[in-house]
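Index from 1, following the sequence. Since this is a predicted model, take the numbers as computed values, not measurements.
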Amino acid sequence: MTRPDRRRRGAVLALGILLLAAMSPAVEATPAGCALSVTPDSGPPGTEFTFSGSGYTPTTLTLKQDGKPPRVVPLSFGTDDPFSFPLIATQTDVGKWKVVASTADGSCAGAVVIRVTLPPTSTLDAAPIVVNQAPVIAAFAGLAVLFLVSTLLLLRGPRIRRRR
């Protein structure tokens, strides 16, 4: 198996674990030599975010979103430096995320912010609505006949014959 294949499989595994979401505290410090970058930094669900960095080899990826528990994904690059890996955003990932890639001992961590935007809305085509008019005309004709019969009965009034 080639390195790109291992990375892709690792990314798919990371995405699966990301969706299962284990809880763990994130490393907040970002030393100068522990940079993390992402391309692109925003996009709708389905966007592949590619994270990369150099100078350290992260073993954990932590994704934080306000008001939600963090998602922790284990990473395995061996001794790859520089490193790079993709993550694909899903429909449930919409929002702003702080992403932290950190080493096992916590001595080095790089952080970036990504935004998963709302998907584009769909619109209805401006095609005309076709309505079968025959039942509508029949219904109105029936109502007209009912109105006429009711009116005639009311105008005639009750006729009572008396016998003598």
Side-chain angles (χ1 to χ4, degrees), residues 1-140:
M1 186 182 312
T2 64
R3 254 189 198 174
D5 288 336
R6 274 190 270 148
R7 287 184 180 169
R8 282 190 191 101
R9 286 184 185 207
V12 170
L13 177 63
L15 181 60
I17 294 171
L18 172 72
L19 296 175
L20 295 176
M23 291 183 55
S24 175
V27 177
E28 295 294 328
T30 305
C34 302
L36 180 66
S37 62
V38 63
T39 304
D41 61 356
S42 69
T47 300
E48 180 176 284
F49 293 95
T50 303
F51 297 88
S52 58
S54 63
Y56 69 112
T57 304
T59 57
T60 304
L61 185 71
T62 305
L63 297 108
K64 290 177 157 185
Q65 193 175 33
D66 286 342
K68 295 183 181 176
R71 297 178 182 178
V72 179
V73 180
L75 299 174
S76 178
F77 297 112
T79 57
D80 291 353
D81 189 16
F83 63 88
S84 176
F85 60 94
L87 281 180
I88 299 174
T90 65
Q91 294 287 341
T92 60
D93 296 329
V94 172
K96 179 180 172 183
W97 293 86
K98 179 178 180 181
V99 182
V100 179
S102 58
T103 59
D105 62 4
S107 63
C108 199
V112 293
V113 173
I114 63 170
R115 284 183 173 74
V116 180
T117 59
L118 290 174
T121 58
S122 60
T123 58
L124 294 175
D125 291 335
I129 298 174
V130 178
V131 176
N132 185 358
Q133 295 178 356
V136 175
I137 292 171
F140 278 119

What residues form a side-chain contact (heavy atoms from CB on, under 4.5 Å) with Lys68, not counting sequence neighbours?
Gln65

Sequence neighbours left out, what passes side chain to side chain donor-acceptor pair (under 3.5 Å) with Asp66? Give chain and number order.
none

Supply the atom-to-atom distance Asp93 CG to Thr47 OG1, rounded to the nearest 0.5 angstrom.
10.5 Å

Taking side-chain contact (heavy atoms from CB on, under 4.5 Å) as the test, write out the residues that go with Thr59, two or more places apart.
Ala104

Considering non-hydrogen atoms only, spot the tightest contact between Leu87 and Leu63 and give its length.
CD1-CD2, 4.4 Å

Between the CZ atom in Phe83 and the OH atom in Tyr56, the distance rounded to the nearest 0.5 Å is 4.0 Å

For Phe49, check ring-ring contact (aromatic ring centres under 6.0 Å, His included) against everything at least two apart and list the hits.
none

Who pairs with Asn132 by side-chain contact (heavy atoms from CB on, under 4.5 Å), at least two apart in sequence or on another chain?
Ala134, Pro135

Applying side-chain contact (heavy atoms from CB on, under 4.5 Å) to Ser52 and not counting sequence neighbours gives Ser37, Ser84

Could you check Val38, Thr39, Asp41 and say which one makes a side-chain contact (heavy atoms from CB on, under 4.5 Å) with Val112?
Val38

Which atom pair, heavy atoms only, marks the closest approach of Ala111 to Val100?
CB-CG2, 4.0 Å

I need the Gln91 CD to Leu118 CG distance, nearest 0.5 Å.
9.5 Å

Taking all heavy atoms of Glu48 and all of Pro40, pick out the closest pair and write down the distance.
O-CD, 3.6 Å

Considering all heavy atoms of both residues, which atom of Pro58 and which atom of Leu75 are nearest to each other, and what is their separation?
O-CB, 3.8 Å

Rounded to the nearest 0.5 angstrom, the CZ-CG distance for Arg71 and Leu61 is 11.5 Å

